[in-house]
Q: 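Just passing along the structure, written as structure tokens.
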Amino acid sequence: MTTAPKIPATLIPGDGIGPEVTQATVAVLDALGAPFAWDTQLGGMAAIAAVGDPLPDATLASIRQTKLALKGPLTTPVGSGFRSVNVRLREEFHLYANLRPARTLVPGGRYEDIDLVIVRENLEGLYVAFEHYISVGDDPHAVAISSGVNTRDGSRRIAEFAFDYAVRNGRKKVTIVHKANVLKALTGVFLETAREVAKKYEGRVAYDDRIVDACAMQLVLNPWQFDVIVTTNLFGDILSDQAAGLVGGLGMAPGANIGLHAAIFEAVHGSAPDIAGQGIANPTSLMLAAALMLEHAGMLDKRRQLERAIDLALNTDNIRTKDLGGSASTQDFTQAVLKRLAA
Ligand code: NAI
Ligand code: MG
């Protein structure tokens, strides 16, 4: 019998609850037989303490080599000159797609049976932040100007990502979200290009389009009409938080940052310093991010296995951490998932 070669991957445990939820996630990945060969690297405060940089060269070099990373939350130092590690990673590895699924895992919230995916363009739009002021009289900030940049290539790339994702995951519809009635050039090029891409998937994935403000209202009135949403950077930032809110918030929301040459998977929540070290953090977000990582690495079956085990642990075994109204520790919940994986 030959053993499949291991897949090298960078592991950044991160700060606060990061090491706790990372350890839990690695344990379930091991139990799944996920063939990742972890290269553990520093990031965040731990890295500042060790080498004086929240994103050390060794960590960058590791991701450059593995092209695949699982990252715990990193504390952003306040009042220092350090740039956001997340922004640096996105730019460095050209992670153009931000994938944020929102699915109801624990019934009894405001909405039942939500299952939608937001695909957000991660590098362009208004977030290029080409900004400046014009002074008038004695007010240096009298006028603020910002230019957004959407390219046809960037729009095509993110639209193709969304439609390919839909095909691979058996999703039925992609909704293109824009504001082309007002921002005719900036979001017009996105809408026009995304529609062209949609035509190539005709017969496989349906599509429609929505103006962003109407979409925001529809997400509240009837979120079930949406399947995959693809949109530009700013709108995707806002709508993906809205979608996380529909399914009970941060603790259940995974995220993936994906580029042509690298991908980084993470929980949406931060380092939760208020509960760090207490063993009560909910590891579900990072486990779900790991599920996305499995799919990205071509192991869709293992992704489904992991998601099913999490679902059973939460809803059949009723093992829930405090943030979900339960009393389980991180360990208890992890053990419950492990037991379901072994069954
Ligand atoms: P946070 O997400 O860390 O915490 C917000 C609240 O949610 C806290 O009460 C926390 O206890 C709770 N919470 C978060 N994750 C939880 C989990 N897995 N289980 C149970 N409860 C959980 O947001 P906050 O407090 O605004 O940020 C803390 C630090 O994290 C900051 O330095 C921030 O910059 C950083 N951060 C890092 C992110 C990343 O690396 N991707 C994302 C967001 C924040
Ligand atoms: Mg955001």
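Just follow the structure's listing: the first ligand is 1, and inside any ligand the first atom is 1. By convention here, the first residue in the shown sequence is residue 1.
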Q: Tell me which residues fall inside the under-4.0 Å heavy-atom shell around ligand 1.
A: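 Its neighbours under 4.0 Å (heavy atoms only) are I17, K71, P73, L74, T75, T76, N86, L250, E266, V268, H269, G270, S271, A272, P273, D274, I275, A281, N282, D323, given by chain and number.
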Q: Is the shortest side-chain N to carboxylate O distance from K179 to D213 below 4.0 Å?
A: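 A salt bridge is present here (some side-chain N lies under 4.0 Å from a carboxylate O).
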Q: Does the pair R195/D208 count as a salt bridge with the N-to-O cut at 4.0 Å?
A: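 So R195 does not pair with D208 through a salt bridge.
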Q: Salt-bridged, D227 to K172, with N to O below 4.0 Å?
A: no
Q: Would you call E295 and K302 a salt bridge, taking side-chain N to carboxylate O under 4.0 Å as the test?
A: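 Salt bridge flag = no for K302 with E295.
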Q: Answer yes when R320 and D332 have at least one side-chain N-carboxylate O distance shorter than 4.0 Å, and no when they do not.
A: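 No, this pair does not count.
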Q: Look at the N, O or S atoms of D237, main chain and side chain alike, and state whether any lies under 2.8 Å from the Mg ion (ligand 2).
A: yes
Q: In plain terms, say whether R304 and D301 are close enough for a salt bridge, that is, a side-chain N and a carboxylate O under 4.0 Å apart.
A: no
